[in-house]
Amino acid sequence: MSAVPTPTGAGEFPLLAEASDPKALRALPAARLPELVGEIRAFVIEKVAASGGHLGPNLGVVELTVALHRVFASPHDTVLFDIGHQAYVHKILTGRAGAFGGLRRAGGLSGYPSRAESEHDVIENSHASTVLSYADGLAHARRLSGEPDRAVVAVIGDGALTGGMAWEALNNIGTAPRHPLIVVLNDNGRSYAPTTGAVATHLDALKRGTGPEERRNLFTDLGFAYLGPVDGHDTPGLEAVLHTARALDRPVVVHVMTVKGKGYGPAERDDADHLHAVGTIDPSTGRPAPTASPAPLSWTDLFGRELLHLAEERQDLIALTASMLRPTGLHSTATRFPGRVLDVGIAEQHAVTCAAGLATGGYHPVVAIYATFLNRAFDQVLMDVALHRLPVTFVLDRAGITGPDGPSHHGMWDLSLLTMVPGLRIAAPRDTKRLGMLLREAVAGQGPTVLRLPKGAPGSDTEAVARIDGIDILRRSPHRPLDVIVVAVGPMAHACLEAAALLEDDGIGVTVADPGWVHPVNPALAALAARHRLVATVEDGVRTGGIGAAVTQALQDAQVRTPVTVLGLPPAFIPHDTRTSLLGQAGLDGPGIARSIRTHLKRLTSVAPPAGAYAAGSPSTGRTP
Ligand SMILES: Cc1ncc(C[n+]2csc(CCOP(=O)(O)OP(=O)(O)O)c2C)c(N)n1
Ligand SMILES: CC(=O)[C@@H](O)[C@H](O)COP(=O)(O)O
Ligand SMILES: [Mg+2]
């Protein structure tokens with residue numbers, strides 16, 4: 001049963017309290033549905049304005065979700081959502097309205113379906129285009145286990161339908177009698193921006209057409225019954241077509257036309273993305289709640305600015321996005337050079353191998369993509385780009401802990417994956433200045449390169465006090481120069497500097513080094529490490545197989561015996577919370593790093609320091625770090 005309290009604000013939304021579970025919803029007289037829909041819409045606006053979250057997508061599926069839960073008896077029947085960012089109404093109707101005060105906050109309601117929250121939730125992964133494959137398997141399981149009457153309903157957006165996995169599933173479902181499998185295509189014509197490509201063009205034709213030629217379409221050619229297009233804001237009409245779909249004897253696509261942000265002027269009028277995802281906003285205007293000072297430029301803004309400069313200098317630069325033009329900062333380059341920014345839809349695998357094709361044709365592609373979404377294109381990076389040593393630059397936004405979007409959105413896997421790729425060079429800028437420098441170096445590269453940027457805004461620029469063979473030395477201990485060397489990966493440099501100051505107070509001397517290019521490991525690191533008692537590596541990524549592991553291996557290969565303590569994220573699914581809080585919980589803030597280093601030093605048996613280790617400068621290099 002639902003793990004969260006039922007609505008308490010009955011006075012504000014009386015019908016929500018009455019229709020707080022699918023059974024109660026089905027008992028509600030049809031005449032009261034318009035009132036319920038109105039309450040749900042007002043509730044979503046109020047709660048999302050207060051907490052931030054996905055506003056446009058959820059306002060677009062109010063009537064659809066009401067109809068789904070009136071026609072199908074969850075959890076006997078199963079309603080699946082692709083991505084799940086549009087499942088707030090589903091959560092309201094399955095007993096969780098009372099929990100929206102904690103939406104996307106620590107310990108509160110997830111912004112996506114969550115099996116721990118409810119028996120009505122199934123898909124927790126927020127990566128697009130997976131729902132039809134889940135549905136195919138679940139419907140097959142229902143048939144095998146003698147429960148063919150338990151319907152499987154898969155809600156997929158027009159954006160998610162541009163993902164290749166969706167077509168792999170359609171290819172299978174279309175020929176198999178795994179009915180009742182009902183595909184509900186929630187077609188609002190948009191991902192963030194208007195959906196483009198041949199599929200979108202076909203859907204538009206279906207939405208416009210009423211003649212027989214539209215009866216025969218891509219879906220019917222693939223063996224599906226096709227019902228629609230239907231008005232996605234007409235609850236009775238939706239109920240009728242869903243009953244029809246259920247009664248059919250084969251898989252069916254119900255093509256539902258919705259408006260992203262329906263019923264909320266600021267969303268419907270928003271040209272950028274119909275308020276797809278918002279922070280806290282003033283519900284009366286839809287604009288961000290006024291803050292004392294203007295928000296600083298984010299990593300994304302800064303990358304977008306640098307890329308535009310580079311695109312002005314180099315005609316061979318082509319940028320690619322997988323349906324996230326604005327979220328990855330490419331819009332200014334796209335405006336200035338429309339022919340040199342490709343939006344391939346939610347199709348990361350295609351984006352990477354299309355980039356390989358562009359590079360083969362003599363261009364230098366820049367693939368801008370959230371780190372978590374690159375996971376699904378790993379083979380394309382490895383075999384379509386790196387195997388051919390092609391000059392493609394990947395700019396991974398949201399690399400590391402992201403925060404409120406939870407486990408499938410943290411960009412924490414890229415370093416462990418990409419350090420395996422032969423010939424791929426990985427850079428992590430610590431601040432704005434290094435972002436510009438490293439991006440320029442990356443696109444100047446002859447082979448594949450990666451730049452990873454976290455969510456949020458950079459700290460202030462931090463200049464090095466020395467530079468040794470490409471390694472920035474950000475801090476030397478004034479008193480005991482050779483106790484610990486901390487190797488910071490990108491923006492973790494700031495927490496490392498904080499930790500170093502704390503350790504200095506304990507009489508522990510810390511050198512803080514920032515290689516910039518973190519993989520392959522800079523050979524100069526071995527000489528630096530050899531002159532310290534302990535090496536600590538700090539990365540905003542899974543610690544298994546990441547930069548720490550690579551440094552450990554590099555020192556072993558160089559026969560340097562200095563022990564290494566690898567500080568990073570556990571190989572675990574980390575829940576939603578703020579980025580700051582999650583990094584702190586993982587021991588990746590200043591105090592946490594200092595604590596780990598202190599503990600490791602204590603654990604070290606008293607060993608004779610390496611010859612000349614503490615002398616100012618070392619006989620081998622003559623330079624202090
Ligand atoms: C693999 C993957 N790439 C990118 C995203 C980022 N993303 C989240 S929602 C969204 C748009 C989805 O559009 P659609 O499926 O039409 O749903 P709508 O928001 O219109 O309801 C995108 C691109 C994602 N979740 N998964
Ligand atoms: C589901 C969805 O839209 C995600 O891609 C996510 O919301 C992105 O969030 P940010 O762009 O705010 O990191
Ligand atoms: Mg859409």
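Note that ligands are numbered from 1 as they come in the structure, with each ligand's atoms numbered from 1 the same way. Predicted model, so just to flag it, every value in this text is computed and none were measured.
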Please confirm whether Ser126 comes within less than 3.5 Å of ligand 1 when only nitrogen or oxygen atoms on both sides are compared.
yes
Decide yes or no on side chain to side chain donor-acceptor pair (under 3.5 Å) for Thr402 and His409, but give the supporting numbers first.
CA-CA 7 Å; Thr402 50; His409 256 80; over 6 Å; no
Partner residues of Ala135 under the side-chain contact (heavy atoms from CB on, under 4.5 Å) criterion, sequence neighbours left out
Leu80, Val152, Ala154, Leu181
Evaluation steps, side chain to side chain donor-acceptor pair (under 3.5 Å), between Asn125 and Tyr112:
CA-CA 8 Å; Asn125 177 17; Tyr112 302 89; over 6 Å; no
Nearest protein heavy atom with distance in Å, relative to atom 26 (N) of ligand 1
Ala128 N, 2.9 Å
For ligand 1, note which part of Asp158 has a heavy atom under 4.0 Å away: side chain, backbone, both or neither.
both
What are the polar N/O contacts of ligand 2 with the protein below 3.5 Å, with distances?
residue	atom	partner	partner atom	Å
ligand 2	3 (O)	His54	NE2	3.0
ligand 2	3 (O)	Tyr192	OH	3.0
ligand 2	3 (O)	His276	NE2	2.8
ligand 2	5 (O)	Tyr192	OH	3.3
ligand 2	5 (O)	His409	NE2	3.0
ligand 2	7 (O)	His54	NE2	2.9
ligand 2	7 (O)	Asp405	OD1	3.3
ligand 2	9 (O)	Asp405	OD2	3.3
ligand 2	11 (O)	Tyr370	OH	2.6
ligand 2	11 (O)	Arg398	NH2	2.9
ligand 2	12 (O)	Lys455	NZ	3.2
ligand 2	13 (O)	Arg398	NE	2.8
ligand 2	13 (O)	Arg398	NH2	3.4
ligand 2	13 (O)	Lys455	NZ	3.0

shortest atom 15 (O) of ligand 1-to-protein heavy-atom contact is with Ala160 N, 2.9 Å
Looking at Thr162 and Gly159, would you say the former's side chain and the latter's main chain have a donor-acceptor pair under 3.5 Å?
yes
Below a 4.0 angstrom heavy-atom separation, can you tell me which part of Arg376, side chain or backbone, both or neither, approaches ligand 1?
side chain
Can you pull out the closest protein heavy atom to atom 12 (C) of ligand 1? Residue, atom name and distance to 0.1 Å, please.
Ile83 CD1, 3.6 Å
In terms of ring plane angle, is the pair His69 and His90 parallel, tilted or perpendicular, where the classes change at 30° and 60°?
parallel
Does Asn171 reach the side chain of Leu222, with side-chain heavy atoms less than 4.5 Å apart?
no
Tell me whether Tyr88 contacts the main-chain N or O of Pro57 through its side chain, where contact means a donor paired with an acceptor under 3.5 Å.
no
Using a strict threshold of under 4.0 Å (side-chain N to carboxylate O), is an ion pair present between Arg452 and Asp414?
yes
Polar contact flag for Arg190 and ligand 1 (N/O pairs, less than 3.5 Å):
yes
Which pairs would a plain distance check flag for residues 335-350, meaning a side-chain donor or acceptor within less than 3.5 Å of a matching protein atom at least two apart in sequence or in another chain?
residue	atom	partner	partner atom	Å
Thr335	OG1	His331	O	2.8
Arg340	NE	Leu317	O	3.0
Arg340	NH1	Ala311	O	3.2
Arg340	NH1	Gln315	OE1	3.2
Arg340	NH2	Ala311	O	2.9
Arg340	NH2	Arg314	O	2.5
Arg340	NH2	Leu317	O	3.3
Asp343	OD1	Ser323	N	2.9
Asp343	OD1	Gly345	N	3.0
Gln349	NE2	Arg376	O	2.8

Between Arg398 (side chain only) and Gly411 (backbone N and O only), is there a donor and an acceptor less than 3.5 Å apart?
no
Within the structure, does Pro57 bring an N/O atom to less than 3.5 angstrom of an N/O atom in ligand 1?
no
Chi angles and distances behind the side chain to side chain donor-acceptor pair (under 3.5 Å) call for Ser581, Arg579
CA-CA 6 Å; Ser581 172; Arg579 170 175 162 82; over 6 Å; no
Distance-only, no hydrogens or angles: does the Asp270 side chain make a donor-acceptor pair with backbone N or O of Leu275 under 3.5 Å?
yes
On a heavy-atom basis, I'd like to know which of Met324, His54, Gln86, His85 is closest to atom 17 (O) of ligand 1.
His85
Specify the protein heavy atom at minimum distance from atom 7 (N) of ligand 1: its residue, its atom name, and the distance to 0.1 Å.
Tyr192 CE1, 3.8 Å
Report the nearest protein non-hydrogen atom to atom 14 (P) of ligand 1: residue, atom name, distance rounded to 0.1 Å.
Gly159 N, 3.5 Å
Please work out whether any backbone atom (N, CA, C, O) or any side-chain heavy atom from C-beta onward of Leu161 is under 4.0 Å from ligand 1, and answer side chain, backbone, both or neither.
neither
Shortest protein contact, atom 13 (O) of ligand 1 (heavy atom only):
Ser191 CA, 3.4 Å
Note on the Mg ion (ligand 3): protein N/O/S atoms within less than 2.8 Å are Asp158 OD1, Asn188 OD1, Arg190 O
Heavy atom of the protein closest to atom 24 (C) of ligand 1 (residue, atom name, distance):
Phe373 CZ, 3.3 Å
Thr372 side chain to Ser408 main-chain N or O, any donor-acceptor pair under 3.5 Å?
yes
Among Asn186, Asp187, Asp231, which one satisfies side-chain hydrogen bond (donor to acceptor under 3.5 Å, both in side chains) with Thr258?
Asn186
A quick test of your reading: do over 12 heavy atoms of other residues, nucleotides or ligands sit less than 6.0 Å from CG of Asp221?
yes
Does ligand 1 come near enough to Asn188 that some N or O of the ligand is less than 3.5 Å from an N or O of the residue?
yes
Applying a strict 4.0 Å limit to heavy atoms, is Glu348 in contact with ligand 1?
yes
Relative to each other, are the rings of His85 and His276 parallel, tilted or perpendicular (30° and 60° limits)?
tilted
